[in-house]
**Q** 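Could you have a look at this structure, given as structure tokens, before my questions?
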Amino acid sequence: AASALCLAVLLADAPAGAQSAPAKPAVATAPMRRPVRAEALPTKVDYVPQGRYDDLRNWVIRSKAEGGTLFNSPDGQTNYMMERRTTPSDVEEHSRWDDVIIVRSGAGTVEVGPRTKGARFMAAGELRGGKIMAPSTLELRPGDITRIPAGIPHAFTPVGSEPWEFLIIKVRRPNKPLKRPPDTTK
């Protein structure tokens, strides 16, 4: 499954009633390349093996945590996280990170909006809490994928009795403006 095999079968039409032995189809194949591990590639790619996901998921379930980090890319441009929510999250906003959400199991909603009221600055470009103003709600189920662009306030809420499990792939957007705490000296 990891490598592609291209087959072309050419069949010749034999005349009706011909007594000759059936002709063998001609088969053309593309050269197969042996798959390699991500670490062996000449160009660096991010790779998170299934075992790492399974280990983190088991730890999250045992510890009753809401999630954790699977992998941070060596170049600092992408973070891979796993969430397993049974309760709603706080509102969050990241000035320079897109969040790509891939739902694995359960169901939930993502509330998004243009701005927040009452959010706290956690660090430059990172806000938490408060309330989303003029919110819209997106319902997500297993297999759904969505991207929350940098600078969009959002909050996650599980729906139903089953925990809502999803991956978050955070992609850095370094050219976006960085939100900073308000000047409190005035």
**Q** Measure the spacing between CD1 of Ile148 and CD of Glu93 and express it to the nearest 0.5 Å.
**A**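 Here the interatomic distance stands at 11.5 Å.
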**Q** What are the two closest heavy atoms between Asn79 and Trp97, and how far apart are they?
**A**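 Nearest heavy atoms, Asn79 then Trp97: ND2-CH2, 3.6 Å.
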**Q** Which Ile, Leu, Val, Met, Phe, Trp or Tyr residues join Val159 in one cluster when any pair of side-chain heavy atoms under 4.5 Å counts as a link?
**A**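 Cluster partners of Val159: none, it stands alone.
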**Q** I'd like to know if the side chain of Asp99 reaches the main chain of Lys170, judged simply by a donor and an acceptor atom lying under 3.5 Å from each other, with no hydrogens or angles considered.
**A**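 Such a contact is absent between Asp99 side chain and Lys170 backbone.
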**Q** Shortest non-hydrogen contact from Gly68 to Leu56?
**A**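 Distance-wise, the nearest heavy atoms are O-CD2, 3.5 Å.
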**Q** For the residue pair Arg52 and Tyr80, would you count it as a cation-pi contact if the rule is NZ or CZ under 6.0 angstrom from the ring centre and within 45 degrees of the ring axis?
**A**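 Judged by the rule (NZ or CZ under 6.0 Å from the ring centre, within 45° of its axis), Arg52 is not positioned above Tyr80.
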**Q** Hey, could you give me the OG/CD distance between Ser89 and Glu83, rounded to the nearest 0.5 Å?
**A**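 Reported to 0.5 Å precision, the distance equals 7.5 Å.
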**Q** Evaluate the side-chain proximity of Ser105 to Glu165: yes if any heavy-atom separation is below 4.5 Å, no if none is.
**A**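 Answer yes - side chains close enough.
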**Q** For residues Val112 and Val171: do they belong to one hydrophobic cluster (side chain heavy atoms under 4.5 Å, members Ile, Leu, Val, Met, Phe, Trp, Tyr)?
**A**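 Hydrophobic grouping puts Val112 apart from Val171.
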**Q** Quick check: is Val48 connected to Ile168 through a chain of hydrophobic side chains (ILVMFWY, heavy atoms under 4.5 Å apart)?
**A**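 Hydrophobic grouping puts Ile168 apart from Val48.
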**Q** NZ of Lys117 to NZ of Lys131: how many Å apart, nearest 0.5 Å?
**A**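 It is 8.0 Å, given to the nearest 0.5 Å.
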**Q** Would you say Ile169 and Ile101 are hydrophobically clustered, going by side-chain heavy atoms of ILVMFWY under 4.5 Å?
**A**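 No, it is not one cluster - the side chains of Ile169 and Ile101 are not joined through contacts under 4.5 Å.
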**Q** Looking at Pro158 and Thr86, what are the two nearest heavy atoms and their distance?
**A**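 Looks like CG-C, 3.5 Å.
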**Q** Looking at Arg128 and Asp90, does any basic side-chain N land under 4.0 Å from a carboxylate oxygen?
**A**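 Here Arg128 does not pair with Asp90 in a salt bridge, since their nearest N and O are not under 4.0 Å apart.
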**Q** Could you work out, with side chain to side chain contact (heavy atoms under 4.5 Å, CB included) as the rule, every residue matching Ser161, not counting sequence neighbours?
**A**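 Partners of Ser161 under the side chain to side chain contact (heavy atoms under 4.5 Å, CB included) test: none.
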**Q** Between CD of Glu111 and CG of Leu138, what distance do you get to the nearest 0.5 Å?
**A**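 Answer for the CD-CG pair, Glu111 versus Leu138, is 11.5 Å.
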**Q** For a 4.5 angstrom cut-off between non-hydrogen side-chain atoms, does Arg104 reach Leu167?
**A**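 Of all side-chain heavy-atom pairs linking Leu167 with Arg104, at least one is under 4.5 Å.
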**Q** So Phe156 and His154, would you call those rings parallel, tilted or perpendicular, with 30° and 60° as cut-offs?
**A**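 Judged by the thresholds at 30° and 60°, the geometry between Phe156 and His154 is perpendicular.
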**Q** To the closest 0.5 Å, what do you measure between CD1 (Ile132) and CD (Glu92)?
**A**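 Between atom CD1 of Ile132 and atom CD of Glu92 there are 9.5 Å.
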**Q** Taking all atoms of both residues into account, what is the closest heavy-atom pair of Asp46 and Pro74, and its distance?
**A**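 Heavy-atom minimum between the residues: OD1-CD, 4.1 Å.
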**Q** Which heavy-atom pair separates Val60 from Met82 by the least distance, and what is that distance?
**A**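 For Val60 versus Met82, the nearest heavy atoms are CG2-SD, 4.1 Å.
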**Q** Kindly write out the residues that satisfy side-chain hydrogen bond (donor to acceptor under 3.5 Å, both in side chains) with Arg115, not counting sequence neighbours, or none if the list is empty.
**A**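 Listed in chain order: nothing, the list is empty.
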**Q** In this structure, would Val100 and Phe166 fall into the same cluster of hydrophobic residues linked by side-chain contacts under 4.5 Å?
**A**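 In one cluster with Val100: Phe166, no.
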**Q** Going from OG1 on Thr78 to CG on Asp98, what distance comes out if it is rounded to the nearest 0.5 angstrom?
**A**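 Answer for the OG1-CG pair, Thr78 versus Asp98, is 10.5 Å.
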**Q** Are side-chain heavy atoms of Glu139 and Asp144 found at a separation under 4.5 Å?
**A**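 Of all side-chain heavy-atom pairs linking Asp144 with Glu139, none is under 4.5 Å.
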**Q** Using the rule that two of Ile, Leu, Val, Met, Phe, Trp, Tyr join whenever any of their side-chain heavy atoms come within less than 4.5 Å, decide whether Ile145 and Leu70 are in one cluster.
**A**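 Looking at the clustering, Leu70 is in the same group as Ile145.
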**Q** Between Gly113 and Pro153, which heavy-atom pair has the shortest distance, and what is it?
**A**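 Residues Gly113 and Pro153, closest heavy atoms: O-CD, 2.9 Å.
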**Q** Is there a donor-acceptor pair under 3.5 Å between the side chain of Arg85 and the backbone N or O of Trp164?
**A**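 Checked: no pair found.
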**Q** Any side-chain to backbone donor/acceptor pair from Arg84 onto Arg57? Under 3.5 Å, distance only.
**A**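 No: the side chain of Arg84 does not pair with the backbone of Arg57.
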